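Down below is the structure, laid out as structure tokens.
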Amino acid sequence: MNKKNLYSVIAALILLGVFAYNHFLDEKEKAEIVEIGNTIKTNTNEYFLPTSTHGQIVHHEGYSLSYSEPHEQAEWVAYELKKAHLSSSNFKRPYFEIDDAVKTGAAHWRNYKQSGFDKGHLCPAGDRRYSKFAHDETFLTSNISPQEHEFNAGIWNKLEQKVRYWAGKYDGVFVITGGVLKDAMKTIGAEQVAVPNMFYKVLMDYNNGDPKIIAFLLPHEKSNKPLYEFVVSVDVIEDLTGIDFFSQLDDGIENKLEASSSYKNWSFN
DNA sequence: CTGGCGCGC
DNA sequence: GCGCGCCAG
């Protein structure tokens with residue numbers, strides 16, 4: 001072996017070592033997040049899951065979802081955004097992948113290609129920045145819905161940022177979000193991914209044992225209106241979607257909370 | 001922050 | 001096909 005070849009071999013071994021070490025770190029980090037995920041589920045995540053109208057609930061480490069095969073997207077995505085989840089770390093956005101946990105087959109990202117619609121996150125990447133694993137896990141096609149860019153980057157983004165603000169202020173909030181799925185909707189792509197006309201977000205703060213709820217229903221269009229103008233009661237969203245939220249609560253409490261469209265307990269600044 | 005897209009290897 | 005850099009709201 002001449003000198004040049006020897007250097008090449010050494011360089012290759014160094015690269016291999018770096019790769020193996022990074023892989024080891026990923027696995028270790030993943031194991032830790034699995035633990036965090038299980039802890040969340042034994043607390044409030046599983047406890048507050050809504051009903052599924054399509055019978056296909058899928059659990060990931062950072063969020064759970066109910067997949068509607070006819071609409072090729074989730075009817076709801078649920079997760080807890082804890083104060084400790086808030087992070088300023090900045091991960092590179094990975095490519096979207098098909099969610100293998102959806103047994104009927106989640107949509108391919110190609111349906112969105114050149115459709116004119118964003119691949120709009122339901123569980124935002126910005127809410128799962130406490131680890132690279134949790135962040136990258138939001139880039140599954142079961143976690144997106146077709147959204148107009150001006151809606152996604154506008155009022156919807158504003159609402160997502162408000163949720164992060166509340167998660168910090170109230171030491172964590174429970175989040176359920178999705179598009180309102182109906183029959184005969186406009187679709188995109190070969191798999192006919194439905195384009196919702198409305199999106200909703202339901203929040204609960206269960207931090208001090210005295211739960212408070214707020215719900216938003218937004219038309220799928222650009223808006224400059226203040227967010228509080230989109231507050232509705234949970235009952236309104238249940239009527240529209242057929243989903244039952246917070247059925248785990250005591251009926252008396254549930255009925256009272258879900259009938260209210262008051263937002264006096266939520267700071268809009 | 002929320003995203004798309006074109007280019008080049 | 002994937003990574004990178006640039007673009008918009």
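Bear in mind that the values here come from a model prediction, so they are computed numbers and not experimental data.
For A:N152 and B:dC1, the shortest distance from a side-chain N or O to OP1 or OP2 is not below 4.0 Å.
In this pair, A:W166 and A:F216 present their aromatic rings parallel. The plane angle is below 30°, not in the 30 to 60° band.
In this structure, A:M185 belongs to a hydrophobic cluster whose other members, linked by side-chain heavy atoms under 4.5 Å apart, are A:L181.
Distance, A:L81 CG to B:dC1 C1': 14 Å, rounded to whole Å. The interatomic distance linking A:R164 (CZ) with B:dT2 (C1') rounds to 9 Å, in whole Å. Going from atom NZ of A:K162 over to atom P of B:dT2 covers 16 Å, rounded to whole Å. The distance from atom CD of A:E160 to atom P of B:dG3 is 7 Å, rounded to the nearest whole Å. In this structure, A:F139 places its CZ atom 9 Å from P of B:dG4, rounding to the nearest Å. Look at NZ on A:K201: it is 12 Å from C1' on B:dT2, rounded to the nearest Å. The separation between A:I155 atom CD1 and B:dT2 atom P is 16 Å, rounded to whole Å. Distance, A:L159 CG to B:dG3 C1': 17 Å, rounded to whole Å.
Less than 6.0 angstrom separates the ring centroid of A:W266 from the ring centroid of A:Y170. For A:F48 and A:F246, the distance between ring centers is under 6.0 angstrom. Aromatic ring centres of A:H121 and A:Y63: separated by at least 6.0 Å.
Residues A:L218 and A:L203 share a hydrophobic cluster, clusters being chains of Ile/Leu/Val/Met/Phe/Trp/Tyr side chains in contact below 4.5 Å.
The residue among A:N90 and A:S115 whose nearest nucleotide of DNA chain B is located toward the 5' end is A:N90.
Within the nucleic acid shown, A:Q147 has no heavy atom closer than 4.0 Å to any nucleic acid atom.
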### Summary
Nucleotide by nucleotide, nucleotides 2-9 of chain C touches protein heavy atoms under 4.0 Å in the pattern (B base, S sugar-phosphate only, - none) SBS---BB
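Sequence neighbours left out, the pairs with a member in residues 189-218 of chain A that pass salt bridge (Lys or Arg N to Asp or Glu O under 4.0 Å) are A:D205-A:K212.
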